[in-house]
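The structure appears right after this line, and notes come after that.
Throughout, numbering of the chain's residues begins at 1 and tracks the sequence.
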Amino acid sequence: MTASFEPTARHRGLGDAGAPRTRVWDLPTRIFHWVLAAAVIGLIATGLGGVMEWHFRLGYTVLSLLLFRLVWGFVGGRWSRFSAFLYAPTSVVAYLRGRGHPDHLIGHSPLGALSVFALLGLLILQVATGLVADDEVSASGPLTRFVPNSVVSAASSWHTTVGKWSVITLVSLHVLAVMFYVIVKRHRLVRPMITGDKLVADGSAAPSRDDVASRLLAFAVFAACAGIATWIASLRI
């Protein structure tokens with residue numbers, strides 16, 4: 001059960017200039033976030049502009065990043081793990097009613113978590129359909145020949161219509177939500193995703209692991225994920 005949120009000295013200090021800094025977002029998560037954002041924008045631009053060779057390259061990049069995030073969601077820093085922001089429906093309802101848990105101000109809030117899972121799920125679906133899509137003109141995914149024509153047709157239709165506009169819509173809503181929290185609610189969301197740190201009054205929030213060993217692990221995980229994406233790309237005729 002989620003208790004009513006009465007700001008304590010610790011949580012009133014979130015964002016206060018004099019509060020101690022706590023590492024919330026580890027470096028691999030921060031790099032993932034900004035590279036994914038740039039890659040998705042590039043995918044949208046190249047898709048709309050018909051620059052298909054770069055569209056494929058960026059697609060493989062996003063595939064590598066998504067595979068990495070799925071693994072990092074289990075072995076990454078404290079606040080990057082899925083277990084840290086996998087909320088029960090009752091927690092979401094309590095948060096919407098203003099009775100959220102104090103930790104919601106540290107990592108992803110319940111609404112932020114829903115946004116993260118929705119974006120990840122939609123991007124996974126969009127990349128998956130792209131791998132088996134065929135525009136019957138000049139571009140076809142590397143796995144097209146391994147699936148039935150009915151699957152290729154359905155995937156192509158989704159990828160170029162519903163999927164494309166769903167990604168554009170969800171990304172736009174995500175940006176608007178961040179702007180609302182930053183401008184209206186005065187929550188510092190952007191800077192922590194750059195520096196990795198948030199200000200917590202007494203510094204008692206459990207920090208994310210972000211040492212050399214953790215970063216080397218992240219590099220090894222991403223290298224493996226990139227290798228898988230490269231192998232899939234090599235199957236393209």
Side-chain angles (χ1 to χ4, degrees), residues 28-74 76 80 82 85-86 108 112-178 218-237:
T29 297
R30 285 176 277 148
I31 293 176
F32 161 82
H33 178 274
W34 294 113
V35 175
L36 181 67
V40 169
I41 291 172
L43 272 177
I44 294 172
T46 54
L48 294 174
V51 188
M52 298 312 297
E53 196 56 41
W54 275 102
H55 190 72
F56 274 101
R57 291 172 182 171
L58 288 169
Y60 299 134
T61 300
V62 170
L63 172 60
S64 303
L65 291 168
L66 292 174
L67 290 174
F68 166 80
R69 189 64 182 92
L70 290 177
V71 176
W72 202 242
F74 294 96
S80 297
F82 296 136
F85 55 97
L86 188 61
H108 289 302
L114 288 177
S115 176
V116 169
F117 284 124
L119 274 171
L120 289 177
L122 183 56
L123 288 174
I124 289 172
L125 181 58
Q126 191 68 353
V127 169
T129 54
L131 294 175
V132 296
D134 188 348
D135 67 1
E136 299 182 350
V137 178
S138 60
S140 61
L143 303 183
T144 302
R145 67 181 187 276
F146 300 110
V147 298
N149 289 334
S150 59
V151 174
V152 172
S153 178
S156 302
S157 177
W158 167 273
H159 190 82
T160 57
T161 55
V162 178
K164 176 179 70 177
W165 291 109
S166 294
V167 169
I168 293 174
T169 299
L170 201 53
V171 168
S172 300
L173 289 175
H174 183 75
V175 173
L176 289 174
V178 170
F219 180 80
V221 170
F222 180 75
C225 294
I228 293 173
T230 300
W231 172 71
I232 292 176
S234 71
L235 299 176
R236 186 181 175 198
I237 298 177

Between Phe32 and Phe68, how do the two ring planes meet: parallel, tilted or perpendicular, split at 30° and 60°? tilted
Would Ile168 and Lys164 count as a side chain to side chain contact (heavy atoms under 4.5 Å, CB included) here? Give the steps. CA-CA 6 Å; Ile168 293 174; Lys164 176 179 70 177; 4.2 Å; yes
If we only count heavy atoms from C-beta on, is the Gln126 to His159 side-chain gap below 4.5 Å? yes
If we only count heavy atoms from C-beta on, is the Phe222 to Leu65 side-chain gap below 4.5 Å? yes
So, for Ala155 and Val132, which heavy atoms are closest and what is the spacing to 0.1 Å? CB-CG2, 3.5 Å
Would you mind reporting whether Ile228 and Tyr60 have side-chain heavy atoms less than 4.5 Å apart? no
Just to verify, what does Thr29 make a side-chain hydrogen bond (donor to acceptor under 3.5 Å, both in side chains) with, not counting sequence neighbours? Asp26, Trp72, Ser80
Summary of salt bridge (charged side-chain N to carboxylate O under 4.0 Å, His left out) pairs that have at least one residue in residues 225-237, sequence neighbours excluded: Glu53-Arg236
Shortest non-hydrogen pair, Ala39 vs Val62, comes out as CB-CG2, 3.7 Å
If you take all heavy atoms of Ala229 and Ser64, which pair is closest and at what distance? CB-OG, 3.1 Å
Return yes if some donor-acceptor pair links the side-chain N/O of Thr144 with the main-chain N/O of Ala133 below 3.5 Å, else return no. yes
Ignoring hydrogens and angles, tell me if any N or O in the side chain of Ser153 forms a donor-acceptor pair with the backbone of Ser150 under 3.5 Å. no
Is there a side-chain contact between Leu119 and Leu36 in this structure, where contact means two heavy atoms from C-beta onward sitting under 4.5 Å apart? no
Nearest 0.5 angstrom please: Leu131 CG to Thr129 OG1, how far? 8.0 Å
Assess whether atom CH2 of Trp54 is packed by more than 12 heavy atoms of other residues, nucleotides or ligands within 6.0 Å. no
Please report whether the ring centroid of Phe85 lies less than 6.0 Å from that of Phe117. yes
Between Asp135 and Ser156, is any pair of side-chain heavy atoms under 4.5 Å apart? no
Close side-chain approach of His55 to Leu43, heavy-atom, < 4.5 Å: yes
Quick one: pull up CG in Leu70 and CZ in Phe82 and give me the separation to the nearest 0.5 Å. 5.5 Å
Would the distance check show the side chain of Ser140 and the main-chain N or O of Glu136 forming a donor-acceptor pair, the cut-off being under 3.5 Å? no
Show your working on side chain to side chain contact (heavy atoms under 4.5 Å, CB included) between Leu67 and Val71 and close with a plain yes or no. CA-CA 7 Å; Leu67 290 174; Val71 176; 6.0 Å; no
